[in-house]
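For reference, the structure discussed in these notes is given below.
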2 protein chains.
Amino acid sequence: MILSKTCIYGILATLHLATKKDKEYLPISQIAKELDISFHFLTKILQKLTQQEIMSSYRGPNGGIALARPKEEIKLMDIVVAIDGSEIFEQCLLKLPGCGKLKPCPLHDEWGLIRKQIQEMLNQTSVASVAEKIVKNSLRLADVNPLEL
Amino acid sequence: MILSKTCIYGILATLHLATKKDKEYLPISQIAKELDISFHFLTKILQKLTQQEIMSSYRGPNGGIALARPKEEIKLMDIVVAIDGSEIFEQCLLKLPGCGKLKPCPLHDEWGLIRKQIQEMLNQTSVASVAEKIVKNSLRLADVNPLEL
DNA sequence: CAGTTTTAAGACTCTTTTGTCTTAAATTAG
DNA sequence: CTAATTTAAGACAAAAGAGTCTTAAAACTG
Ligand code: FES
Ligand code: FES
């Protein structure tokens with residue numbers, strides 16, 4: 001819910017990249033393996049992110065994918081908008097057309113408040129800050145075997 | 001997003017009913033017409049709500065659907081859980097299995113906060129209070145022609 | 001240049017969600 | 001009892017989302 005699977009995979013890959021050394025191209029095949037995502041599917045998703053210049057890619061040996069901008073400057077919101085679009089933040093909770101003050105649905109105020117918070121959270125959270133947290137607390141980006149904990 | 005179309009239609013129908021006189025059966029065909037939802041689809045959805053005893057139904061002439069309990073006692077949450085289940089409120093934003101403190105993902109805290117607010121909003125909002133608001137401010141439950149405003 | 005590695009592009013398939021349609025069962029009215 | 005009205009149940013179809021696979025193009029290696 002909220003985020004499409006495509007978008008989630010995009011976020012996971014971005015975060016994964018951000019925990020690695022900067023400026024180095026990482027092959028998609030390796031990312032896919034480490035995150036347990038289908039290689040071909042991930043390729044298609046990352047294509048979208050390179051087209052939107054969030055990532056940059058390089059073909060051939062030692063090629064792969066890298067973040068196109070400093071990770072401090074990439075917000076989660078950028079990835080979400082690049083993949084799922086910004087409609088999520090404009091849409092009525094009840095999916096009635098034309099959400100807005102002009103013709104609000106009965107839950108418009110309540111939903112507006114929550115929607116705004118989601119928006120702020122994604123806008124404020126940089127890929128760098130999440131990556132730092134991941135490294136510091138060894139958090140997961142994929143399913144983990146409980147025995148590993 | 002967040003709510004399935006099925007769930008939204010369930011909410012719309014419930015709210016619509018709540019704006020009408022209590023204890024009277026309203027034919028599904030009429031609700032479907034007023035909310036501009038496919039009659040057969042709505043029938044199927046409302047079946048689920050009657051099975052969960054949120055609504056009660058009666059067949060034959062002058063039959064239809066009515067709220068099974070006082071509308072003050074029905075919360076939006078009841079409808080959501082009846083149709084979409086409670087998994088939404090337990091699920092990881094990144095759809096990783098086993099969301100919880102034991103093996104949190106890097107967005108667990110941020111998402112937990114928002115998820116809790118959605119939960120509280122749905123839990124606190126009774127069908128009666130929304131219905132009252134609809135009547136008082138003549139709010140819409142379906143698409144409306146802007147010219148009508 | 002030939003062969004290998006890697007992304008790009010797009011056709012194709014599978015699954016889930018959404019929506020339609022048909023038939024059956026209950027209830028009422030005459 | 002018969003005909004009309006209404007929900008119940010479930011098969012079926014269409015659309016969207018998720019995922020697979022094949023072929024092409026770019027870049028490097030020797
Ligand atoms: S009109 Fe429904 S949330 Fe704005
Ligand atoms: S583990 Fe991701 S939100 Fe809880």
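In what follows, every chain begins at residue 1, and chains take the letters A, B, ... in the order their sequences are listed. Computed over heavy atoms, backbone and side chain alike; hydrogens, waters and symmetry mates excluded.
If you check every strand for non-hydrogen atoms under 4.0 Å, A:Gln51 touches sugar and phosphate atoms only.
Between the P atom of D:dA9 and the CZ atom of B:Phe39 lies a distance of 14 Å, rounded to the nearest Å. The separation between A:Asn62 atom CG and D:dG30 atom P is 10 Å, rounded to whole Å. Atom CG of A:Leu42 is separated from atom P of D:dC21 by 16 Å (rounded to the nearest Å). In this structure, B:Ile45 atom CD1 and C:dT18 atom P are separated by 9 Å, rounded to whole Å. One interatomic measurement links the two molecules: CG of A:Leu46 to P of C:dA9, which rounds to 13 Å at whole-angstrom precision. Rounded to an integer number of Å, the gap from B:Lys48 NZ to D:dA9 C1' is 13 Å. Look at CZ on A:Phe41: it is 15 Å from C1' on C:dA11, rounded to the nearest Å. Between the P atom of D:dG19 and the CD1 atom of A:Ile28 lies a distance of 16 Å, rounded to the nearest Å.
Taking only side-chain nitrogens and oxygens, B:Thr43 never comes nearer than 4.0 Å to OP1 or OP2 of D:dA8. Contact check, A:Ser29 against C:dT6: no side-chain N or O comes under 4.0 Å of OP1 or OP2. A close approach under 4.0 Å does occur between a side-chain nitrogen or oxygen of B:Tyr9 and OP1 or OP2 of C:dG19. Here B:Thr6 does not reach the OP1 or OP2 of C:dT17: none of its side-chain N or O atoms lies under 4.0 Å away. Contact annotation: B:Ser38 reaches the phosphate of C:dT20 (side-chain N/O to OP1 or OP2, under 4.0 Å). Note on A:Tyr58: every side-chain N or O is 4.0 Å or more away from OP1 and OP2 of C:dT5.
Side chain of A:Lys5, nearest nucleotide from C:dT22, D:dG19, C:dT27: D:dG19. For B:Gln47, taking side-chain heavy atoms from C-beta onward, the closest of the listed nucleotides D:dA9, D:dT7, D:dT29 is D:dA9.
Considering only heavy atoms from C-beta on, A:Asp78 comes within 4.5 Å of A:Arg69 through its side chain.
Interface remark: the A:Lys44 side chain does form a donor-acceptor pair with the D:dG19 base, using a distance-only criterion of under 3.5 Å. For C:dT27, the base has no donor-acceptor partner in the side chain of B:Arg59 [N/O atoms by modelled type, under 3.5 angstrom].
For the pair A:Ser4 and A:Gly60, nearest-nucleotide mapping onto DNA chain D gives the more 5' position to A:Ser4. In terms of position along DNA chain C, the nucleotide closest to A:Gly63 lies nearer the 5' end than the nucleotide closest to the other residue of the pair A:Gly63 and A:His40.
Side-chain N/O atoms of A:Gln47 and A:Gln51 include no donor and acceptor closer than 3.5 Å.
One distance of note links CD1 of B:Ile134 with CG of B:Leu141; it measures 4.0 Å at 0.5 Å rounding.
Heavy-atom contacts from other residues, nucleotides or ligands closer than 6.0 Å to CD of B:Glu53 number 12 or fewer.
Here the options are A:Ile45, A:Ile11, A:Leu42, the test is side-chain contact (heavy atoms from CB on, under 4.5 Å), and the partner is A:Thr6; only A:Ile45 passes.
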Practice item. Before giving the answer on side-chain contact (heavy atoms from CB on, under 4.5 Å), spell out for A:Cys99 and A:Arg115 the whole-Å C-alpha distance, their side-chain angles and the decisive distance to 0.1 Å. Key: CA-CA 12 Å; A:Cys99 170; A:Arg115 199 171 51 181; 3.4 Å; yes

